[in-house]
Amino acid sequence: MSATADRTQAGVRVLDNFIGGKWVPSTSGQTLDVTNPATGEVLCRVPLSSKAELEAAVAAAHAALPAWRKKSVIDRARWLFGFRQALEARTDELAACVTREMGKTFPDAQAEVARMIEMVEAATAVPQTMQGRILEGVATNVDCETIRQPVGVVAAITPFNFPAMVPMWFLPFAIACGNTFILKPSEQVPMTQQIVFDIATELGLPPGVINLVNGGVDVVNAILDSPGISAVSFVGSAKIARYVYERGAANGKRVQALGGAKNHMLVLPDAVMDKTADNIISSAFGAAGQRCMAGSVIVTVAGAWSDLKPELVSRAEKLKVGNGMEAGIGVGPVVSKQAQSRIIGMIDQAIADGATAVLDGRVTGASDDGAYVGATILENVKPGSQAACEEIFGPVLSVIEVASLDDAIALVNTSNYGNGTSIFTESGAAVRRYRNEVEVGMIGVNVGVAAPVAFFPFTGWKDSFLGDMHAHGTDAVDFFTKKKTITSRFFSAGPSGKFFVE
Ligand code: NAD
């Protein structure tokens with residue numbers, strides 16, 4: 001049963017914030033409707049909290065910090081073991097909530113929850129990953145060691161497309177390292193984390209160790225300006241990533257800001273075409289193209305398009321568009337009616353720029369109420385056009401044909417983004433050149449979505465990332481700890497093991 005208090009406004013549930021171990025109503029008086037993008041139904045209202053409410057969370061996190069960082073690292077890891085089990089037991093409830101508020105299909109949402117749980121698993125390794133280093137005898141009788149300590153109160157600001165997983169890129173690693181934590185979830189999808197925080201509360205996490213403040217721009221600015229917050233993790237669009245990075249850094253904070261993407265998928269003539277087509281379909285149209293790792297441009301090399309096209313189009317045509325809670329749906333809705341209009345506008349523009357729609361998702365919407373766009377494949381897309389360069393974040397795939405691997409690498413490297421890319425080929429030599437020369441942070445080899453693996457660092461390059469330490473993996477421990485180096489000697493200790501005084 002939910003620990004969240006049930007407040008309503010004209011019959012619609014209004015979400016609370018979670019501050020100091022309790023659900024508390026926002027006092028800002030401003031709310032936004034959260035809708036189910038498959039039906040248009042209003043699911044709840046999310047408060048747009050104030051700076052004062054964020055500062056209340058900062059105060060609660062500071063109050064909890066001394067005791068939490070003093071807890072043994074084993075105790076912190078053990079709490080995460082329990083958290084992991086409790087999340088797994090509620091996988092379907094979490095996944096159903098993801099589908100209702102964000103739109104991705106239920107099996108895709110279950111896969112997201114599984115990846116979220118992997119993040120918690122990886123964070124339980126903290127007794128190993130947080131270890132320091134020591135070198136005995138840096139001078140006669142002098143030893144030197146580096147230890148890691150928590151950075152303090154940290155905050156994360158997250159996007160709409162992974163309501164369950166992306167907050168867990170940060171929360172478990174941050175608290176494992178002895179920090180206390182504040183989450184500002186996306187105001188478009190605030191419900192899943194209400195369940196996560198309920199679960200954490202039921203497991204007896206001390207008040208103030210984790211806090212959740214709902215809201216939009218005002219809460220983001222309050223996080224970036226708060227003197228009480230030492231580090232900020234951000235995931236979202238490239239423009240806001242830059243804004244967050246610059247304002248946070250100007251205020252002396254440690255910032256990691258993961259931004260938007262335009263991901264290329266290279267297909268060489270020797271690729272295994274049927275399997276390549278399967279992978280491209282799931283990369284481009286899974287989650288209705290709303291993944292930061294979604295393949296967005298296919299770059300076919302030396303005539304490979306003629307072999308790939310029939311395989312791809314025949315599969316894409318069969319994708320059923322509809323409510324992700326129903327069985328057999330290939331493309332769920334996009335997140336909102338605004339997103340639907342933006343995506344359809346970008347398809348219109350691509351066609352005006354000379355592209356041809358091999359498959360046109362503007363006409364395959366499933367209902368008037370839902371925010372649907374069907375799978376769309378555009379060929380003859382010109383390099384340099386909007387469809388070739390800008391993030392569409394919808395189920396739209398552009399095709400560009402090039403003559404050689406050299407041309408393909410040059411094309412990919414002109415992008416402002418560098419988040420993810422895939423190459424489909426059986427040639428080890430081509431793969432070696434590609435991985436060596438391409439300016440992209442995450443690469444899939446015959447893998448359409450090089451999805452985040454919890455024990456490895458994850459991020460893009462160029463405008464897709466600002467900062468130094470990537471998300472999760474061992475980079476998370478680097479981001480969430482400060483190093484302290486101690487050089488020591490004891491005058492009464494002698495090289496023979498006998499006590500002596502110099
Ligand atoms: P967004 O940038 O609109 O929002 C992200 C967060 O920033 C939200 O919490 C939102 O409240 C806040 N925000 C929005 N506008 C703001 C403003 N003007 N000032 C301050 N804060 C603001 O992103 P989104 O639409 O929620 O998510 C989709 C984007 O996220 C895509 O560009 C996608 O590529 C990117 N993304 C990147 C990764 C990655 O790993 N690089 C992962 C997931 C999503």
Side-chain angles (χ1 to χ4, degrees), residues 32 34 37 46-49 51 54 101-104 112 115-116 119 155-170 182-190 192-193 212-225 232-248 255-263 287-296 334-336 338-339 342-343 346 390-394 415-421 440-442 449-453 456-467 469-473 475:
L32 278 183
V34 178
V46 62
L48 298 177
S49 305
K51 180 175 178 179
L54 183 272
E101 67 177 346
M102 185 271 169
K104 66 179 67 171
E112 177 184 342
R115 285 202 184 273
M116 163 204 206
M119 297 297 155
I157 302 159
T158 54
F160 79 80
N161 63 330
F162 285 99
M165 178 185 71
V166 169
M168 293 304 124
W169 285 358
F170 310 112
I182 300 168
L183 175 67
K184 206 281 307 160
S186 165
E187 62 276 41
Q188 295 191 84
V189 295
T192 305
Q193 289 300 319
L212 182 157
V213 182
N214 286 297
V217 178
D218 288 348
V219 178
V220 172
N221 287 339
I223 288 172
L224 299 173
D225 294 344
V232 176
S233 303
F234 172 87
V235 183
S237 56
K239 188 169 148 228
I240 310 299
R242 182 166 293 277
Y243 170 76
V244 165
Y245 184 76
E246 289 176 354
R247 187 157 171 169
V255 185
Q256 52 180 186
L258 286 78
K262 187 76 182 174
N263 304 318
Q290 300 165 111
R291 294 183 184 131
C292 68
M293 292 297 287
S296 175
V334 296
V335 69
S336 63
Q338 292 93 309
R342 182 182 50 76
I343 295 161
M346 289 182 88
E390 287 184 24
E391 183 172 44
I392 299 177
F393 224 55
S415 177
N416 293 335
Y417 297 105
N419 208 44
T421 186
V440 176
M442 288 165 297
V449 182
V453 176
F456 285 86
F458 177 89
T459 201
W461 286 16
K462 298 180 170 175
D463 285 354
S464 298
F465 178 66
L466 293 153
M469 296 304 155
H470 298 186
H472 55 78
D475 273 27

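Remember, it's 1-based here, ligands and their atoms both numbered in the order they're listed.
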Item to check | Ligand-residue contact atoms, ligand 1 with Asn161, heavy atoms, under 4.0 Å | outcome: 43 (C), 44 (C)
Checklist entry - Heavy-atom distance to atom 19 (N) of ligand 1: which of Leu224, Leu48, Asn263, Val217 wins? => result Val217
Checklist outcome for this item: Checking heavy atoms under 4.0 Å, the part of Glu187 that sits near ligand 1 is side chain
Item to check | Contacting atoms of ligand 1, where contact means under 4.0 angstrom from a heavy atom of Gly260 | outcome: 32 (O), 34 (O)
Item to check | Any donor-acceptor N/O pair, Glu187 side chain to Leu48 backbone, under 3.5 Å | outcome: no
Next on the checklist: On a heavy-atom basis, I'd like to know which of Trp169, Phe234, Phe160 is closest to atom 7 (O) of ligand 1.
Outcome noted: Phe234
Checklist outcome for this item: Tightest non-hydrogen contact, residues Ala257 and Tyr245, listed as CB-CB, 4.1 Å
Checklist entry - Identify the closest protein heavy atom to atom 22 (C) of ligand 1: which residue and atom is it, and at what distance? => result Ile240 CG2, 3.6 Å
Next on the checklist: Within ligand 1, which atoms have a heavy atom of Lys184 less than 4.0 Å away?
Outcome noted: 8 (C), 9 (O), 10 (C), 11 (O)
Checklist entry - Hey, is Asn419 touching ligand 1 through its side chain, its backbone, both or neither, going by heavy atoms under 4.0 Å? => result side chain
Checklist entry - Counting N and O atoms only, with roles assigned by atom type, does the side chain of Ser464 sit under 3.5 Å from a partner on the main chain of Gly259, one being a donor and the other an acceptor? => result no
Next on the checklist: Assess, by modelled atom type and distance only, whether the side chains of Ser296 and Glu391 contain a donor and an acceptor separated by less than 3.5 Å.
Outcome noted: no
Checklist entry - Does the N or O separation between Asn221 and ligand 1 drop below 3.5 Å for any pair? => result no
Checklist entry - In the protein, which heavy atom is nearest to atom 35 (C) of ligand 1, and how far is it? => result Gly236 O, 3.1 Å
Checklist entry - Should you measure from each heavy atom of Ser237, which atoms of ligand 1 turn up under 4.0 Å away? => result 1 (P), 2 (O), 23 (O), 29 (C), 30 (O), 32 (O)
Next on the checklist: Between ligand 1 and Val166, can you find any atom pair, the residue atom being a heavy atom, that is separated by under 4.0 Å?
Outcome noted: no
Checklist entry - Is there side-chain contact between Arg291 and Phe162, with at least one heavy-atom pair below 4.5 Å? => result yes
Item to check | Closest protein heavy atom to atom 27 (O) of ligand 1, given as residue, atom name and distance to 0.1 Å | outcome: Pro159 CB, 3.3 Å
Checklist outcome for this item: Scanning both residues in full, the closest heavy-atom pair of Ser49 with Asn214 reads OG-O, 2.6 Å
Checklist entry - Roughly how far, to the nearest 0.5 Å, is the CZ atom of Phe234 from the OG1 atom of Thr158? => result 9.0 Å
Checklist entry - Which residue holds the protein heavy atom closest to atom 34 (O) of ligand 1, what is that atom called, and what is the gap in Å? => result Glu391 OE2, 2.6 Å
Checklist entry - What protein heavy atom is closest to atom 38 (C) of ligand 1, reported as residue, atom name and distance in Å? => result Cys292 CB, 3.1 Å
Checklist outcome for this item: min-distance protein heavy atom vs atom 20 (C) of ligand 1 -> Val220 CG1, 3.6 Å
Next on the checklist: Please determine whether a side-chain nitrogen of the Lys or Arg among Lys51 and Asp218 lies less than 4.0 Å from a carboxylate oxygen of the Asp or Glu.
Outcome noted: no
Next on the checklist: Protein heavy atoms near atom 4 (O) of ligand 1, is at least one of them under 4.0 angstrom away?
Outcome noted: no
Checklist entry - Near Leu258, which atoms of ligand 1 are under 4.0 Å from a heavy atom of that residue? => result 39 (C), 40 (O), 41 (N)
Checklist entry - Any idea how His470 and Phe465 line up, ring-wise: parallel (<30°), tilted (30 to 60°), or perpendicular (>60°)? => result perpendicular
Checklist entry - So which heavy atom in the protein is nearest atom 28 (C) of ligand 1, and how far is it from that ligand atom? => result Phe393 CE2, 3.5 Å
Next on the checklist: Using a 4.0 Å cut-off to any heavy atom of Phe458, which atoms of ligand 1 qualify?
Outcome noted: 40 (O)
Checklist entry - To which protein heavy atom is atom 37 (C) of ligand 1 closest, and what is the distance rounded to 0.1 Å? => result Gly259 O, 3.1 Å
